[in-house]
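Since the structure comes first, as structure tokens, the remarks are kept for the end.
Because the structure is a prediction, the values reported are computed rather than measured. Lettering of chains follows the sequences in order, A, B, ..., and the numbering in each one begins at 1.
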Amino acid sequence: MSWCTCSTRRPASTTCWTACGETPGAWTLVWTTLTECLERAMRAAGWWSDERPARLELAVPRDPAHGDWTTNLALLLARELKRPPRAVAEELARRVAPDPEVFAGVEVAGPGFLNFRYSPAFLRRLPATIVAAGGAFGAADHAHGLPVLVEYVSANPTGPLNVVNARAAAVGAALVRLLEATGHQAAGEFYVNDAGNQVDLLGESVAARVAEWAKTAREFPENGYRGSYVGELAEALWRERRSEAEAGLARPDGAAWFRDQALERMQDSQRRDLASYGAEFALWFRESSLHASGRVAGALAALEERGVVYEAEGARWLRTTGFGDDKDRVIVRSNGVPTYLLPDIAYHLDKRARGFRHAVNLWGPDHHAYVCTLQAALRAVGLEPDFLEVLIVQQVNLMKFDPAAGHSVPYKMSKRAGEFITLRDLIEEVGADCAKFFFLMRSTSAHLDFDLDLARQQNDENPAYYVQYAHARIASILRFAAGRGLTPDPGGTVALDAAEEIALIRRLASFPEVVRGAALAREPHRIPTYLVETAAEFHRFYHACRVVSDDAARSRGRLLLAAAARTVLANGLALMGVTAPERMERAAEALS
RNA sequence: GCGCCCGUAGCUCAAUUGGAUAGAGCGUUAGCCUCCGGAGCUAAAGGUUACAGGUUCGAUUCCUGUCGGGCGCACCA
């Protein structure tokens, strides 16, 4: 193992976070070294205990007056030690020795906070560090390659994707990127429920529509799928595969052909929609493969071996009570057919068997009652208690402006069966970037009011353009400067000491911590929140500090800072799956 | 009836898992372009964080109860 030659002496493989130049493009958080620094101080004071690290809290304070990093460690210790918090803080402050290349020092403030402040030299160096790191800035190896499977969307293949699927797709894809950026080995997966009677029903519905083309009598199934896409599927089959379709209608067991055709085509359609939306899945996992490979039967055997299955009322029950569920669940019906729970167990055993150490599932609001059940079932079959983590993606209310009411009201979808707004409609209406930005802007667990009119507007009222505009504006400045032969100062040698310059640098410095927090809390919305604030910080800098001026040295220094801001904005947008445009053109205002 | 999510400025939402003076956008009002993109910036106004208790140095955050909104409560998936 090689070691970085700078003062941190960190193993080069885990990368050095200072601008020492030994491992450019690599960035380990200040967080890591501050944690170690506090650990040493506690050991020196004799206050160390092994469970301490898990509780150690470091944060970037809201108020810049409180420094660049802060910890409430002394306040927590004071309770255990039964000593005044200020006294504990003072003693810790005497013993911590933050790297002088990075921190100007530590101060005790308020009831007993320890506040750390970056050194001027570190701040001056930072823009060059960020630009050198490029797309890697913000990423850090926190999880050491922990394999995590994120399952999301997983819509039934019986119809087009809806707006909640669109929200889940935006959140899931962002989560995968966030986990990768924080050192997880993350994979996205789509679970296809192709084995239930829903798919049979779709097949029957399509067959009935094909029969209309064939002028054959065939009853449309009760509760069949009546959306216009069923008719379109039928027409496509009739035009492209007429002889097979006719044979399928004639045979008593011909429904299977329609089911398989409908399934393939629906899945292709969903795959195309999601790909155009930037949600790529490493695997589309079919439930039917679990049955075919014997894994469902295997799961049942594993459960029985553990003695958590019993018979009652002609069915077989899983004793999920005792593992956190409030009642036991049927896994094999009295007619011998498994319920959905059993393949779900088999599926998660398969996830674990494929090497994933953790599973994150994104489910719609109608499944939240099932969370406890499945988690209990997985514990019953012997998986780690916290193997499965479920995030509920809450519902979306599409809103439209109502002139009569004077404000936006929920957009009423057509009452006709099967008519609803699809993911594709939404992209055509407001654009993929805008849709993703709006979905990611809000906390996943909260209901979302999606204002269609606002999202469609290409003007200053649309928050989605604000961040993109800042990025495009920086690109424009760099183009303008290049035309005058000015490029960013690569060495970061020019002092940037205007208040707006320092405020911007400090904000850029906190990006890796925001990424870490967003990934850890599974809260992608922290990224757009941060980016909006960062864009605002940049605009303030832009208005206060003329970038390209007659002073070439100063111009190059400010160009470097602008380039660093662009790097952070681009990296944040990339995490969201939103494009970072080099230039933006306003659409024609004349459009109705 | 039971369970889960939510209740923060007129509206839509933040608030770094219990931290310091609760912040943005939209809307309202008043300002800022001889100059790098005005899709921008500055400022004002707007709050008993639904309500009542509790836990502690400290609560929008945690606990209990009440009110209000949403979603679930199958041998459907």
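- Note on A:Arg583: a base of the nucleic acid sits closer than 4.0 angstrom, heavy atoms only.
- Residue A:Thr529 is classed as a sugar-phosphate contact, given heavy-atom separations below 4.0 Å to backbone atoms only.
- Among B:rG70, B:rA74, B:rU17, the nucleotide with an atom closest to any side-chain atom of A:Gln395 is B:rG70.
- Between A:Tyr469 and B:rC41 there is no side-chain N or O to OP1 or OP2 distance below 4.0 Å.
- Residue A:Glu311 qualifies as enclosed at atom CD: its count of foreign heavy atoms under 6.0 Å is above 12.
- A:Pro61 comes within 4.0 angstrom of a nucleotide base, judged by non-hydrogen atoms across all strands.
- For the pair A:Glu189 and A:Tyr347, the minimum side-chain heavy-atom distance is below 4.5 Å.
- Between the side chain of A:His368 and the base of B:rG3, a donor-acceptor pair under 3.5 Å is found.
- For the P atom pair drawn from B:rC5 and B:rU49, the interatomic distance equals 23 Å after rounding to whole Å.
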Please report the C-alpha distance between A:Glu582 and A:Arg566 in whole Å, then the side-chain angles of each, then the deciding distance to 0.1 Å, and finally whether the salt bridge (charged side-chain N to carboxylate O under 4.0 Å, His left out) criterion is met. CA-CA 10 Å; A:Glu582 294 292 310; A:Arg566 182 175 69 163; 3.6 Å; yes
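- Taking only distance into account, the side chain of A:Asp366 never meets the base of B:rA77 through a donor-acceptor pair shorter than 3.5 Å.
- Pairing for B:rG23 is with B:rC13, a Watson-Crick or G-U wobble pair whose two hydrogen-bonding atom distances lie under 3.5 Å.
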Contacts table for residues 437-447 of chain A: side-chain donor-acceptor under 3.5 angstrom, sequence neighbours left out:
unit_1	atom_1	unit_2	atom_2	d
A:Ser443	OG	A:Ser445	OG	3.3
A:His447	NE2	A:Gln394	OE1	3.2

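- Pairing for B:rA43 is with B:rU29, a Watson-Crick or G-U wobble pair whose two hydrogen-bonding atom distances lie under 3.5 Å.
- Taking the six-membered ring for Trp, A:Tyr340 and A:Tyr370 have ring centres closer than 6.0 Å.
- For RNA chain B, the residues of residues 536-548 of chain A within the heavy-atom distance limit of 4.0 Å (strictly under) are A:His539, A:Arg540, A:Tyr542, A:His543, A:Cys545, A:Arg546, A:Val547, A:Val548, sorted by number.
- Side-chain atoms of A:Ser445 and base atoms of B:rC5 include no donor and acceptor less than 3.5 Å apart.
- Remark: A:Asp550 CG is loosely packed, at most 12 non-hydrogen atoms of other residues, nucleotides or ligands lying under 6.0 Å away.
- Here B:rG7 sits opposite B:rC67 as a Watson-Crick or G-U wobble pair (both hydrogen-bonding atom distances under 3.5 Å).
- With hydrogens and angles ignored, no donor-acceptor pair under 3.5 angstrom links the side chain of A:His525 to the base of B:rA14.
- Base-pair partner of B:rU34: not found among the strands shown (Watson-Crick or G-U wobble, both distances under 3.5 Å).
- Base pairing of B:rU61 is not made with any nucleotide, judged by Watson-Crick or G-U wobble geometry with both donor-acceptor distances under 3.5 Å.
- Counting non-hydrogen atoms under 4.0 angstrom, A:Asn115 reaches a base of the nucleic acid.
- With both ends at atom C1', the span from B:rA59 to B:rG46 equals 24 Å, rounded to whole Å.
- A:Arg295 places no side-chain N or O within 3.5 Å of a backbone atom of A:Pro343 that could act as its donor or acceptor partner.
- Looking at A:Asp350 and A:Phe285, their side chains come closer than 4.5 Å, going by heavy atoms from C-beta outward.
- For B:rC71 and B:rA24, the P atoms lie 34 Å apart once the distance is rounded to whole Å.
- Not a single donor-acceptor pair, N or O on each side, falls under 3.5 Å between the base of B:rA77 and the side chain of A:Thr339.
- Backbone-only engagement by A:Pro365 is indicated by non-hydrogen atom pairs under 4.0 Å involving sugar-phosphate atoms exclusively.
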